[in-house]
Amino acid sequence: MNVTVFGTGYVGLVTGACLADVGHDVMCMDIDADKIAGLGRGEIPIYEPGLEAMVKQNVAAGRLHFTTDAAKAVAFGRLQFIAVGTPPDEDGSADLQYVLAVAKSIGEHMDDYKVIINKSTVPVGTADKVRVDVRNALEARGQQVDFDVCSNPEFLKEGAAIEDFTQGARIVVGTDSERVKALMRECYAPYNRLRDKLMFMDIRAAELTKYAANAMLATKISFMNEIANLAERLGADVEQVRHGIGSDPRIGYQFIYPGCGYGGSCFPKDVQALMRTASQAGYEPALLNAVETVNRRQKQTLFTKLMQAFDGDLSGKTIGLWGLAFKPDTDDMRDAPSRVLMEALWDAGAKVQAYDPQAMRECRRIYGDRDDLILVADRIQAVKGADALAICTEWKDFRAVDFDWLKQQLASPVIVDGRNVFDPVRVKEAGLLYYAVGRGDSLQ
Ligand SMILES: NC(=O)c1ccc[n+]([C@@H]2O[C@H](COP(=O)([O-])OP(=O)(O)OC[C@H]3O[C@@H](n4cnc5c(N)ncnc54)[C@H](O)[C@@H]3O)[C@@H](O)[C@H]2O)c1
């Protein structure tokens with residue numbers, strides 16, 4: 001099939017590459033000319049395991065193309081995936097300007113039947129808005145061309161995006177058209193062989209399914225952080241509690257890790273957007289409000305612990321930081337807990353000496369050159385001479401550590417661990433002060 005994908009970010013580029021990889025002919029369009037020029041030279045703008053090789057192979061095979069030309073992109077595919085960003089608006093609702101700009105441009109250029117597929121995460125009712133904007137653009141040209149709009153939310157997670165796209169648990173398609181069902185079935189057939197993962201449903205149900213899934217996962221995290229905060233005050237070890245409850249199959253081990261809060265490009269904005277949708281529908285989302293409040297508070301936890309460890313004065317201190325990305329295996333720092341920590345440290349007059357295996361370039365892009373941010377080449381440099389070590393991301397590289405060595409590097413023997421990476425007994429044996437999340441004797 002000929003497929004067009006609008007947006008070459010985490011979702012668009014993975015969608016384009018994975019569909020090309022099974023033999024479809026794919027045209028990826030982006031308004032970011034630098035990104036498209038880089039992709040043309042084989043440069044991948046993001047870090048995502050396996051993506052670079054997949055893009056290169058499919059470009060070489062002539063099945064994956066890049067353009068900034070909207071007319072060319074619209075003419076190319078029968079299927080038109082919209083995978084552009086939906087960042088939060090000032091009031092927390094999803095900003096649809098990029099999605100609707102694509103809808104308009106499809107209407108301005110289409111000459112034959114198209115299926116317009118909302119893959120971006122968009123609030124309930126967006127398919128109707130896309131339909132109106134496409135129709136308006138067609139009418140402005142005096143054209144009447146048949147088209148359908150469907151919802152096909154994406155559930156991939158960064159760091160395992162290719163695996164999730166190719167072997168995901170489900171492929172949700174919201175549509176009431178038999179023609180769309182047949183085309184979507186054909187598009188996804190190569191990834192739908194083991195069992196039928198396609199779930200057809202109403203458009204509104206599909207739109208809400210994406211938000212419900214992310215809100216549920218965010219709820220699990222905030223719930224566990226609430227229990228961790230309680231454990232700290234009660235002198236219990238939340239890691240033992242996690243084992244205790246995770247063993248119940250009704251609860252499960254996934255997404256019940258306590259930590260310094262969830263970040264990333266999806267959970268924070270999607271929970272907020274769903275809260276906004278709820279209020280617009282006249283419903284007070286009491287649970288979602290709490291999930292969001294607990295998470296905001298949790299992102300302060302490492303700073304609070306550091307302040308307490310240094311008697312309320314961090315000015316002139318240098319904090320070594322391991323991990324900038326919002327989670328391992330990505331370079332994405334959108335809404336990352338590391339940003340909340342660094343910004344609080346700077347406000348308190350401290351310096352940050354940071355290392356991340358993939359997010360250094362992104363950190364430099366966000367914060368630029370500043371005296372109180374020292375970006376270093378490896379985890380060793382990050383702790384050399386630092387007054388304390390803070391851990392924000394549980395990269396594999398950070399898990400095995402010689403604690404005696406670590407103690408020698410640090411000016412004060414303080415570790416605040418936002419991901420509960422270490423065994424507290426081992427750390428303390430080396431004479432380090434170890435403040436993790438919800439581990440009984442942590443600072444609060
Ligand atoms: N990142 C994730 O893990 C993830 C997972 C599931 C769903 N989503 C959703 O998918 C959508 C995209 O997310 P992302 O992380 O890939 O975003 P992103 O910011 O990485 O990429 C968006 C891309 O769209 C491009 N763009 C903007 N306007 C455009 C236009 N008019 N035409 C063509 N391209 C345009 C931008 O230049 C950018 O390259 C969002 O709605 C997000 O919520 C993201």
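Computed from heavy atoms alone, side chains included, the values below leave out hydrogens, waters and symmetry copies. Every number for a ligand or one of its atoms is a count from 1 in the order of the listing.
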With respect to atom 4 (C) of ligand 1, which of Ala161, Cys266, Gly12 exhibits the smallest heavy-atom separation?
-> Cys266
Can you sort out which atoms of ligand 1 are near Ala83, meaning under 4.0 Å from one of its heavy atoms?
-> 12 (C)
Counting from 1, what ligand 1 atoms have a heavy atom of Lys35 closer than 4.0 Å?
-> 38 (C), 39 (O)
Protein heavy atom at shortest distance from atom 21 (O) of ligand 1 | Gly9 CA, 3.2 Å
Which one of Asp332, Thr121, Asn214 has a non-hydrogen atom at the shortest distance from atom 7 (C) of ligand 1?
-> Thr121
State, with a plain yes or no, whether a side-chain heavy atom of Cys392 is found less than 4.5 Å away from one of Leu302.
-> yes
Heavy-atom nearest neighbour in the protein, as seen from atom 27 (C) of ligand 1, with distance rounded to 0.1 Å | Ile31 CD1, 3.8 Å
Which protein heavy atom lies closest to atom 2 (C) of ligand 1, and at what distance to 0.1 Å?
-> Glu158 OE2, 3.4 Å
Proximal atoms of ligand 1 relative to Ser265 (non-hydrogen, under 4.0 Å) = 1 (N), 2 (C)
Checking Lys119 side chain against Val11 main chain: does a donor-acceptor pair fall under 3.5 Å?
-> no
Decide whether an N or O pair under 3.5 Å exists between Lys210 and ligand 1.
-> no
With heavy atoms of Met29 as the reference, note each atom of ligand 1 found under 4.0 Å away.
-> 32 (N), 33 (C), 34 (N)
If you count the atoms of ligand 1 from 1 in the order shown, which ones are under 4.0 Å from a heavy atom of Arg334?
-> 15 (O), 17 (O), 18 (P), 19 (O), 20 (O)
Got the closest protein heavy atom to atom 11 (C) of ligand 1, with its distance?
-> Val84 O, 3.3 Å
Identity and distance of the protein heavy atom lying nearest atom 23 (C) of ligand 1 = Asp30 OD2, 3.8 Å
Which class fits the ring pair Trp346 and Tyr367: parallel under 30°, tilted 30 to 60°, perpendicular over 60°?
-> perpendicular
Is a donor on one side and an acceptor on the other found under 3.5 Å between the side chain of Asp89 and the backbone of Gly92?
-> no
What protein heavy atom sits nearest atom 31 (N) of ligand 1, and how far off is it?
-> Val102 CG2, 3.5 Å
Would you indicate whether Lys220, at its atom NZ, is surrounded by more than 12 heavy atoms from other residues, nucleotides or ligands within a distance under 6.0 Å?
-> yes
Classify the ring geometry between Phe255 and Phe267 as parallel (under 30°), tilted (30 to 60°) or perpendicular (over 60°).
-> tilted
Lys351 atom NZ, neighbour heavy-atom count above 12 within 6.0 Å | no
Should we say atom CE of Met216 is surrounded by more than 12 heavy atoms from elsewhere, each under 6.0 Å from it?
-> no
Proximal ligand 1 atoms for Val11, defined as those under 4.0 Å from one of its heavy atoms = 4 (C), 5 (C), 6 (C), 7 (C), 8 (N), 10 (O), 16 (O), 44 (C)
Under 4.0 angstrom from ligand 1, any heavy atom of Lys157?
-> no
Under 4.0 Å to a heavy atom of Lys269 - the qualifying atoms of ligand 1, by number = 42 (C), 43 (O)
Do Glu207 side-chain atoms and Gly125 backbone N/O form a donor-acceptor pair below 3.5 Å?
-> yes
Go through the steps to decide whether Tyr188 and Asn152 satisfy the test side chain to side chain donor-acceptor pair (under 3.5 Å), and finish with yes or no.
-> CA-CA 11 Å; Tyr188 280 113; Asn152 172 217; 2.6 Å; yes
Quick one: look up the protein heavy atom nearest atom 41 (O) of ligand 1 and list residue, atom name and how far away it is.
-> Thr86 OG1, 2.5 Å
Among protein heavy atoms, which sits nearest to atom 22 (C) of ligand 1, and what does the distance come to when rounded to 0.1 Å?
-> Gly85 N, 3.6 Å
Applying the salt bridge (Lys or Arg N to Asp or Glu O under 4.0 Å) test to Asp164, which of Arg170, Lys197, Lys157 qualifies?
-> Lys157
State whether the number of non-hydrogen atoms from other residues, nucleotides or ligands found under 6.0 Å of Lys104 atom NZ is greater than 12.
-> no
Relative to atom 24 (O) of ligand 1, which among Gly7, Ser105, Cys28, Ala33 owns the nearest non-hydrogen atom?
-> Gly7
